[in-house]
2 protein chains.
Amino acid sequence: MKKFVYLFNEGNSSMKALLGGKGANLAEMTKIGLPVPDGFTITTEACNDYYEAGKKITIDVTEQVLQALHTLEDQTGKQFGNPGNPLLVSVRSGSVFSMPGMMDTILNLGMNDETVEGLAKLTENPRFAYDSYRRFIQMFSDVVLEVDGFYFEQLLEETRENKGYSSDPDLSAADWQEVIAGYKGIVKKHTRKAFPQDPKEQLFLAINSVFDSWNNQRAIVYRRLNKIADHLGTAVNIQSMVFGNMGNDSGTGVAFTRNPSTGESDLYGEYLINAQGEDVVAGIRTPLPIRTLKEEMPKVFQQFSETYELLERHYKDMQDIEFTVERGKLYILQTRTGKRTAQAAIRIAVEMVNEGIIDKNEALLRVDPEQLNQLLHRRIDDKFERKQLAKGLPASPGAATGQVVFDADEAETLTNEGKKVILVRPETTPDDIHGIIAAQAVVTSRGGMTSHAAVVARGMGKACICGCEAMKIDLREGQFQVGDTVVNHGDIITIDGATGEIMLGEIPMIDPELSDEFQLLLSWADDVRDLGVRANADNPEDAKKAFEFGAGGIGLCRTEHMFMDSKRIPIVQSMILAETYEERKVALDQLLPMQQGDFEGIFEAMQGHPVTIRLLDPPLHEFLPDKEELLVEVTKLQITDPQSRELKMKEILLKKVRQLHEYNPMLGHRGCRLGMIHPEIYFMQAKAIFYAASSLAERGITVNPEIMIPLVGHVNELKEMRKLVNEAGKQVKEEKGTVIDYTVGTMIEIPRAALTADRIAEEADFFSFGTNDLTQTTFGYSRDDAEGKFLQTYIEEKVLPENPFAVLDTEGVGKLVEMGVTLGRQTKPGLKTGICGEHGGEKHSIEFCYKTGLDYVSCSPYRVPLARLAAAQATIRHGSRKKILSIR
Amino acid sequence: MKKFVYLFNEGNSSMKALLGGKGANLAEMTKIGLPVPDGFTITTEACNDYYEAGKKITIDVTEQVLQALHTLEDQTGKQFGNPGNPLLVSVRSGSVFSMPGMMDTILNLGMNDETVEGLAKLTENPRFAYDSYRRFIQMFSDVVLEVDGFYFEQLLEETRENKGYSSDPDLSAADWQEVIAGYKGIVKKHTRKAFPQDPKEQLFLAINSVFDSWNNQRAIVYRRLNKIADHLGTAVNIQSMVFGNMGNDSGTGVAFTRNPSTGESDLYGEYLINAQGEDVVAGIRTPLPIRTLKEEMPKVFQQFSETYELLERHYKDMQDIEFTVERGKLYILQTRTGKRTAQAAIRIAVEMVNEGIIDKNEALLRVDPEQLNQLLHRRIDDKFERKQLAKGLPASPGAATGQVVFDADEAETLTNEGKKVILVRPETTPDDIHGIIAAQAVVTSRGGMTSHAAVVARGMGKACICGCEAMKIDLREGQFQVGDTVVNHGDIITIDGATGEIMLGEIPMIDPELSDEFQLLLSWADDVRDLGVRANADNPEDAKKAFEFGAGGIGLCRTEHMFMDSKRIPIVQSMILAETYEERKVALDQLLPMQQGDFEGIFEAMQGHPVTIRLLDPPLHEFLPDKEELLVEVTKLQITDPQSRELKMKEILLKKVRQLHEYNPMLGHRGCRLGMIHPEIYFMQAKAIFYAASSLAERGITVNPEIMIPLVGHVNELKEMRKLVNEAGKQVKEEKGTVIDYTVGTMIEIPRAALTADRIAEEADFFSFGTNDLTQTTFGYSRDDAEGKFLQTYIEEKVLPENPFAVLDTEGVGKLVEMGVTLGRQTKPGLKTGICGEHGGEKHSIEFCYKTGLDYVSCSPYRVPLARLAAAQATIRHGSRKKILSIR
C-alpha cells in the first residue's frame with residue numbers, strides 16, 4: 001500500500017514535493033530534535049488520489065489518517081473528543097509553492113460541546129474556552145461548510161448591541177455560550193444539518209476542503225500566471241494544538257538568540273506564565289525577561305537553552321523563536337530568522353565568522369547594504385515617538401533639528417551666532433548656496449529629487465526634504481502652514497531626510513558611529529568584490545569624505561556646482577550675458593583659476609586615483625534669475641516707476657532670460673550641445689583641468705584625470721569635443737612642459753547614445769552610464785514633474801514595480817545599458833564602463849551593473865560603504881570574474 | 001603583347017574594371033554611334049604595370065600609347081604639334097570608382113609656343129588662344145610639375161594691378177602673351193627646366209602624374225575609408241579637344257530631348273554660332289532656339305536629331321545634351337539625365353511608358369515623390385523674383401498673399417468682408433483657431449515645427465511659417481519690424497510656407513492642378529505597392545480631403561484638436577478646473593456629444609476604412625491660459641485694483657495654472673498618464689467613439705475604429721486603459737444593442753515602449769510608431785527648443801547628416817522601430833504596425849518603413865499622393881511581399 005501519510009518524525013526538508021513546503025519544514029524541525037507539537041502530513045499524492053477517485057478520500061488514505069491520528073493521540077497523551085484531556089489540532093494546506101487562494105488554517109479542530117468544557121476546566125478559563133469554540137465554529141463553517149462569515153458577524157454584533165458592549169473582550173463566558181447557541185442555529189439553518197460534533201467527522205471534512213481548494217478559481221488563476229503545474233497537488237498538515245494557559249506550569253514567550261538591537265551574543269526575549277501568545281502581544285500583562293525563566297522553570301529553561309543553541313547552529317543565523325510551555329513541556333511553535341538593526345546585523349555577521357558558524361562570504365550576504373545607510377547619518381532615536389506634521393520627498397538622508405528660517409542670509413547669520421537652523425524655501429537657487437551650507441537641513445515645498453536643493457544637499461551629505469506640497473509657505477508673513485497648523489519663523493522643527501517626514505519640536509538623535517566590526521566587514525567586502533566603487537563628488541571636501549569611505553576614485557565630478565558658488569555666479573552670469581566674444585572671454589578668464597583651484601583640491605584628495613570630470617551640463621538659463629520673478633518686478637516697475645534705470649536694466653535682463661528660456665530644459669540646449677555651440681566654455685574648463693594637473697605634477701603628486709563629455713547622442717559630437725579637449729591639453733603641455741596622462745570619454749545618458757554605442761566607442765576611452773537622465777528619456781518622464789503628478793500613484797497601484805529613479809528598471813533602461821556595454825566593447829574590447837546615476841548606490845542596481853559587466857559604480861560619498869558591500873554580494877552571488885580595476 | 005590601350009571604339013560599358021568608369025562610358029557612347037570626340041583609354045592594368053616596374057611607364061605601354069596617338073591623329077585629321085591644325089587633347093584619370101583626391105583633368109594638352117599661333121589663326125581669336133595656353137601652363141605646372149598655383153595667381157594679379165584692370169576679361173591678347181612669358185619664367189625658376197614644348201613629352205608626363213595620383217595620401221585614405229582595394233588601379237583617358245569657335249561653320253549649344261518644364265515631347269534648347277560653351281552661359285550673346293539650327297546648319301541638325309533620339313532611346317530617359325560643332329562636324333561633349341519640373345517628370349514618365357521606352361515600374365521610379373508636393377499647393381510662380389524680407393521655419397507648405405493682421409477676430413472680420421489676410425502672431429493659442437481658419441496663412445515669431453500654429457495649419461493644408469525670430473512684433477503699435485523695415489497692419493505680404501520665406505507685396509501664384517498623368521501614375525503606384533498609406537486627420541474635412549487623395553484609412557486622429565475649438569475650450573477649461581468629480585462630470589457630459597459628432601463625420605468620410613483614434617494626449621495645462629500673461633495681469637491688478645473681484649478670480653486661476661505647470665511638459669503628465677490618473681476623461685472619449693460607431697451602424701454604414709492609447713511606456717498602462725475602453729464598449733453595447741468591431745492598440749513613441757514591445761504586444765492589437773516623440777526622446781531633443789538653438793548648426797556643420805525630425809534617423813530611432821516590430825511580432829506574429837509621425841510622409845523614411853516590415857505609413861492628407869508613390873518605389877526596389885493590408 002502506498003504511503004499517503006507521514007508523521008512529522010518520518011520526513012525531512014528534502015521531501016517538499018511529497019509533503020509540501022510546510023510539511024517538509026515541520027518534519028525537518030522535528031528531525032533535528034526540536035520540540036514541535038506532534039502531527040502528521042497527508043501527502044500531495046493523496047490529493048491527486050482524491051481527484052482520481054472523483055473527489056473522494058479513498059479507503060487507503062482514510063485508514064492511514066486514522067492510524068496517524070491514533071499515533072498522535074499516543075504521542076500527546078490526549079484523545080480526540082475526550083473532555084478530560086481533549087486532542088485539538090490545526091489543519092493547514094501545504095503545497096510545494098505557497099499559493100494565495102488556497103484554504104489556509106483551521107485552528108482548534110476537535111472542539112465540540114463536550115471538549116469545550118474540558119478545555120475550560122484545564123485552562124481554568126471558561127471565557128477563553130468558549131471564545132475558542134465559537135471561533136472554531138465560525139471558521140469551520142465559513143471554510144468547510146461554506147456558510148458565509150457575514151451571518152456570524154451579524155449575530156455577534158447584535159449580541160454586543162443588545163448587551164450594550166463596545167467590544168468583544170466585554171463578553172463573559174456566559175455571553176459566549178449564548179453566541180455559540182446562535183452560531184449553531186445559523187449552521188443548522190444554512191446547511192440543514194447540525195454543526196458536526198464528531199471530531200473525526202470534522203477532520204475529514206476539513207481534509208476534503210483542503211483538497212478542494214487546490215482547484216478553486218483563485219488557485220487555478222494563480223498557477224496559470226505563475227506557471228505552476230496543476231498536477232503537483234497540495235498536502236495537508238494536521239498538528240496538535242498546545243496551550244500556554246493551562247496553569248502556572250504553562251506559559252508562552254518569544255526570544256531572539258542574540259540581541260536584535262546591539263547584536264550581542266546573549267539570549268533576549270520575554271515570556272508570560274499561564275498565558276496565550278496573544279496575551280504577550282496585547283500588553284495587558286507585563287511580560288518577564290527571558291532570563292527569569294531560569295528561576296521560575298529551571299528545567300524548561302535548560303531545555304530551551306539547548307533548543308535555541310541547536311536552532312542557531314542549524315539555521316546558522318540569529319533566530320526569532322515563539323514557544324509555548326504546556327504543563328511543564330516546552331514546544332517550539334515557530335522559528336524564523338530574526339529581524340535586527342544594522343548595527344546588530346554587522347556584529348552578528350562578524351561574530352558568527354569568529355565563532356566558525358559561517359564563512360566570510362556568508363557574513364557579507366547577511367547584511368543588507370541598505371541598512372548601512374542609517375549608520376552613516378545622524379538619525380532620530382527610534383525610542384521616541386515621531387508625530388508627523390507633513391511629508392515630502394526624501395531627497396537626502398539624515399536627520400536634523402533647528403529653528404525655521406526662510407532666508408539664506410539669515411540662515412548664515414544665525415548659524416554664525418551658534419544657532420541651528422533649517423532653511424525652508426519654496427525652492428532654492430544658486431543664490432541660496434551659502435544658506436544651504438550654513439543650515440542643518442533644507443526643506444522645499446516645490447521641486448523633486450533632482451531639484452537644486454536635493455542635488456546640492458545630497459552632495460554635501462546634508463538632510464533634505466523636497467516637494468513638500470502640503471506646506472504652504474508665506475514668505476511675507478514669515479511662516480508656513482500645514483492644514484491648520486501654523487509654523488512661525490524661529491519655531492523648532494525636526495526632519496528626517498530618509499523618510500521625508502517633518503515633525504514639530506525637537507526629537508533626540510543618535511550620532512553615527514562606525515564600529516570596528518563595520519570596518520572589518522567592509523575590508524572583507526573589498527577582498528571579495530570584483531566591481532569598483534567610486535564616488536560622485538564636486539569639491540575637495542566631498543572628495544576627501546569619499547576617500548575616507550573607501551571610494552576608489554571619483555566617478556562623477558559635476559563642474560556646474562562649482563559655477564553655482566555665490567561668489568562666482570555673477571561672473572558666470574556676465575559670461576552668459578556677454579554680447580561679444582571678447583566680453584565672454586573676460587568672464588571665462590576669471591573663472592579659469594577658480595575651476596583650476598577646485599580641480600587641484602579634488603586631485604589631491606584622491607591621491608592618484610582616477611577622477612572623472614564632467615564638463616558643464618545644465619542649460620545656461622539655470623544660472624540666470626527666475627523668469628517669473630523678473631517678470632513680476634518688471635511689470636510692477638512699469639506701473640510704479642516707468643522711467644527708472646532699474647526698469648531698463650531689468651527689461652534687458654528679462655529679454656535675455658526669455659531668449660534662453662526653454663520649453664523642455666531637460667531636452668534642450670545643455671550638455672555637449674553647449675560645448676558645440678560655445679566651445680570657449682568647454683575649452684576653458686579643459687584648460688583648467690590641465691593646469692591643475694600640471695601644477696600637482698610639478699609638486700610630484702600623481703593625477704589621473706578622465707574628462708567626460710555629457711549628453712552625447714551622436715559620435716560626431718564626441719569627435720568634435722574630443723578634439724577640443726586635446727587642443728587644450730596640447731596648449732597647456734606646450735606652456736607648462738608637463739605631460740599629463742588623461743582620457744576622454746562620455747556619459748551614456750540618452751537612448752541614442754546606447755543604441756549607437758558601437759559608433760560612439762570609436763571616439764571614447766570610457767563610458768559612464770548616466771542612468772538618471774537615461775531613465776528620464778527612456779521612460780519619457782521628467783523626474784521633477786512625474787514625482788509630484790503621477791509616479792507615486794503608479795508605484796502605489798503597482799503599475800510600475802518600483803520607482804525607476806531609485807531602482808534601475810532592468811527591463812527597459814537596463815536593456816539600453818546592456819546594449820551600450822555590448823556594442824561599445826564590440827568596437828573596443830577593453831572599454832572601461834561605469835555608472836554614475838543615483839542607481840550606483842542602490843543594491844539591486846549594483847547587482848545588475850555587475851552582471852552586465854560594468855567595471856565600477858559611482859555613488860554619493862555617503863553611500864560608498866553600502867556600494868562596497870553590495871558589490872561584494874554581487875560578486876559572491878554571480879561568481880568572480882577577471883579583475884578589471886584595481887580596488888582600493 | 002598584352003593590350004594596354006583601347007581606342008574609344010574598341011571598348012564598351014561592360015569593361016569598367018579595365019577601362020575605369022569614365023573610359024567605359026566614353027567607349028559605350030562611341031559604340032552606339034554618338035559623335036564623341038575621338039580618343040583612347042590606357043587601362044588600369046597599365047597602372048599596375050607602372051607600379052610593378054618601379055613607377056615607370058614600360059616600353060609596351062609607351063609603344064601602344066604612341067600607336068593610339070597616331071590613330072587619333074588619323075581619325076581627327078590633326079597632328080600633335082602641327083601649328084596648321086594642331087591636335088589638342090584632354091587627359092583625365094578614371095578609376096572604377098570615382099575617387100576624390102586623384103588627378104582630375106588637364107585640358108588643351110598639346111599647346112606650345114607654335115600651336116598657340118595655329119589656334120589663334122584657326123579661331124580668328126588670338127585672345128582666346130593665348131588665354132587657353134596660359135591656362136594650360138598653369139594647370140599642367142600645378143598638377144604635373146608640382147609648381148604651386150599660388151605663384152601663377154600672384155603674377156596674374158600683379159599684371160592686372162600694373163595695367164589697372166579690374167578683371168581677367170580686360171586683358172588683351174598681348175597682355176596674355178606677357179603673362180605667358182612670366183609663367184614660363186616661374187616654371188623655369190621652380191623646376192630648373194623650361195616648360196616642356198614637346199606635346200608627346202607633355203602627354204607622358206601627364207600619364208605619369210595620373211598613375212602617381214592613385215597612391216597619393218588623399219586617395220589612399222579615401223580607399224581605406226570606403227574599402228576600395230588598392231590593386232584596382234586607375235585608367236587614363238586621352239580625348240581630342242574640339243572647338244566651337246573655329247568660324248561660322250562651328251558652334252556650341254545645349255538641348256533637352258523633351259521640354260523640361262512641361263514634359264512635352266519636343267526638342268528644347270539653344271545654341272550659338274562660332275562660340276565656346278562658356279559663351280552660352282555668360283549671356284553676352286543671345287543664344288538662338290535649337291529649331292533654327294535646322295535652317296542654319298541643316299546637315300548638322302539632321303545629324304543632331306538622329307543623335308538625340310538615339311541617346312534618349314539608349315538611356316531611356318530625357319537627356320540634357322552639350323554639343324559642339326567644329327567646322328561643320330557635330331560632337332557630343334556630354335549627355336546626362338535632364339533635370340525637370342514635377343509636372344514634366346510625371347508627363348515624361350507616363351508618355352515613355354506609352355511609347356514603350358520604359359515599363360510602369362521604371363516610370364514610378366522616375367518621379368521624385370518630394371516633387372509631387374509642389375503640385376498639391378498653390379505656389380509662387382518661379383518666373384517672378386522674390387525679394388526675401390525674413391525667413392522662418394517652413395512649418396506648412398503652400399504660398400499665400402494677404403494683408404497683415406495681428407488679431408484672430410480681425411482676421412475673421414476682414415475675411416468675411418472678402419479680404420485676404422495673413423495672421424501674424426508671436427505665437428497662437430486655441431483661442432486663435434477661428435482666425436487661423438479665416439486667414440490665408442499664419443506666421444509666428446516664436447515656436448517651432450510642432451507649435452500650435454504649425455500643427456493646426458498643417459492639418460488644414462494651410463501655409464504657415466513659424467519661429468521667424470527676425471520679426472519683432474509690436475502688438476500695441478500694430479506692426480512688425482525686420483531689421484530697419486517696418487511692416488504695418490494692413491500692408492500686403494507674400495509668404496512661401498515650403499521655404500519659410502516672407503516677402504513684401506504681392507507675387508503671382510500658380511494654382512495646383514492634378515493632371516490626368518498624375519492620376520494615372522498614382523494608380524500604377526497603387527497597383528504595385530505593398531505598403532498601406534493612411535492620413536493623419538482630426539476632423540471630417542481633413543478626412544474627406546485624405547480620402548480624395550487616396551488614403552486607405554486614418555492613421556492618426558488626434559482628439560485634442562477637437563478640444564481646442566473656440567466654442568469648446570471653455571467647457572474643457574471647466575473640466576480641468578473642476579474641484580469635484582461631479583463638476584468634472586458635468587463638463588464631460590457636455591463634451592461627449594461634441595466628440596461623438598466629430599467621430600461620426602470622420603467615420604462617414606472614410607467609408608468603412610480603418611480610423612485610428614488617439615485618446616487625449618497633451619498635458620491639461622495646454623488648455624489653460626498662458627501662465628506668464630496671467631501673472632502680468634495679476635501683478636498689475638494687485639497694484640491698480642487690489643480689491644477687485646477680477647483679481648480674486650485671476651489669482652485662483654493662476655494658482656491652478658501653477659499647480660498644473662510642468663518643468664518639461666514633453667516628459668510630463670500627458671498621454672495615457674492622463675487616462676491613468678483621470679480615467680473619466682478617456683472613458684468619455686471611448687464612449688463618444690462607440691456612440692458614433694453605433695449611430696452610423698444604425699444607418700447601415702460600416703465603421704472600423706481602432707482606439708489608440710498614447711505614450712504607453714509599460715504594459716500595465718495599456719492593460720488598464722484597454723480595460724477602460726472595453727468597459728465603455730460594453731456599456732454602449734448594452735445601451736444601444738449594436739455590436740461594434742474595434743481594436744485597441746498603442747503608440748510606440750517613447751524608447752521604453754520599443755524596448756519592451758514584446759510585453760506591450762500582449763495587450764495591443766496594433767502598434768503605431770509615433771516617430772516625432774520617439775525622435776525627441778531617443779535624441780533627448782525638445783524639438784521646440786532644439787530647432788531654434790542648436791539643431792540648425794548641427795545640420796549645417798554635418799554633425800547630423802539630416803534633420804532627424806524630417807528624415808527618420810535610421811541608425812538610432814530606426815533601431816528602436818526595428819526592435820519594436822521584431823519584439824512585437826515575436827509575441828503576436830500578425831501584429832499590425834504603422835507609423836504616424838511626420839516621417840510617414842517622407843520618402844527615405846517610407847522606404848525604411850517598408851524594409852522594416854511596417855504595414856502602413858500615415859501622413860498629412862496633402863502628402864498622401866507622395867507617400868503612395870514612395871511606397872510603390874520602396875516595393876519595386878526591395879521586392880514585393882505578401883500584401884498585409886488591402887490597398888485602396
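Residue numbers begin at 1 in each chain, while the letters A, B, ... track the order of the sequences.
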Taking atom [atom1] of [X] and atom [atom2] of [Y], what is their separation to the nearest 0.5 Å?
{"X": "A:E811", "Y": "B:D758", "atom1": "CD", "atom2": "CG", "result": "7.5 Å"}
{"X": "A:M676", "Y": "B:T793", "atom1": "CE", "atom2": "OG1", "result": "9.0 Å"}
{"X": "B:K789", "Y": "A:L674", "atom1": "NZ", "atom2": "CG", "result": "11.0 Å"}
{"X": "B:L667", "Y": "A:S782", "atom1": "CG", "atom2": "OG", "result": "5.5 Å"}

Option in [options] with maximal non-hydrogen atom pairs under 4.5 Å from chain A:
{"options": "B:V813, B:L816, B:L711", "result": "B:L816"}
{"options": "B:V632, B:D785, B:I677", "result": "B:D785"}
{"options": "B:L660, B:T635, B:T756", "result": "B:T635"}
{"options": "B:D809, B:T640, B:L800", "result": "B:D809"}

Checklist entry - Between A:R752 and B:K815, does a side-chain contact (heavy atoms from CB on, under 4.5 Å) hold up when you go through it step by step? => result CA-CA 9 Å; A:R752 200 181 187 284; B:K815 204 177 222 174; over 6 Å; no
Item to check | Audit row: B:R446, A:R658, side-chain contact (heavy atoms from CB on, under 4.5 Å) steps and yes/no | outcome: CA-CA 11 Å; B:R446 286 207 290 269; A:R658 278 207 162 121; 5.6 Å; no
Which donor-acceptor pairs under 3.5 Å do the side chains of residues 616-625 of chain A make with protein atoms, sequence neighbours left out?
unit_1: A:D617; atom_1: OD1; unit_2: A:R670; atom_2: NH2; d: 3.4
unit_1: A:D617; atom_1: OD2; unit_2: A:R670; atom_2: NH2; d: 2.9
unit_1: A:H621; atom_1: NE2; unit_2: A:E662; atom_2: OE1; d: 3.0

Checklist entry - How about A:E469 and B:Q659: do any of their side-chain heavy atoms sit closer than 4.5 Å? => result no
Checklist entry - Quick one: does A:H661's side chain get under 4.5 Å of B:E628's, heavy atoms only? => result no
Item to check | Inter-chain contacts: residues 712-723 of chain A against chain B, heavy atoms under 4.5 Å | outcome: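 Hits under 4.5 Å: A:H714, A:N716, A:E717.
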Item to check | Winner by heavy-atom pair count (cut-off under 4.5 Å) against chain B, out of A:T777, A:I750, A:V634, A:T778 | outcome: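 Most pairs with chain B among the choices: A:T778.
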Checklist entry - Between A:G668, A:P665, A:A786, A:A754, which shows the greatest number of heavy-atom pairs under 4.5 Å with chain B? => result A:P665
Next on the checklist: With a sphere of 6.0 Å drawn around NZ of A:K627, does it hold more than 12 non-hydrogen atoms of other residues, nucleotides or ligands?
Outcome noted: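 Yes, the 6.0 Å shell around NZ holds more than 12 heavy atoms from other groups.
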Next on the checklist: More than 12 heavy atoms of other residues, nucleotides or ligands under 6.0 Å from NZ of B:K636: yes or no?
Outcome noted: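 No, because the 6.0 Å sphere around NZ of B:K636 holds 12 heavy atoms or fewer from other groups.
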Next on the checklist: Run the ring-ring contact (aromatic ring centres under 6.0 Å, His included) test against B:Y682 and tell me which residues pass, sequence neighbours left out.
Outcome noted: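 In terms of ring-ring contact (aromatic ring centres under 6.0 Å, His included), with neighbours along the sequence ignored, B:Y682 is linked to no residue.
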Item to check | Listed partners of A:F848 passing ring-ring contact (aromatic ring centres under 6.0 Å, His included), at least two apart | outcome: none
Next on the checklist: If I compare all heavy atoms of A:R673 with all of B:F779, which pair ends up nearest, and what's the gap?
Outcome noted: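 Looking at all heavy atoms of both residues, the closest pair is NH2-O, 3.0 Å.
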Item to check | For A:E427 against B:Y663, the heavy-atom pair lying closest together | outcome: OE1-OH, 3.5 Å
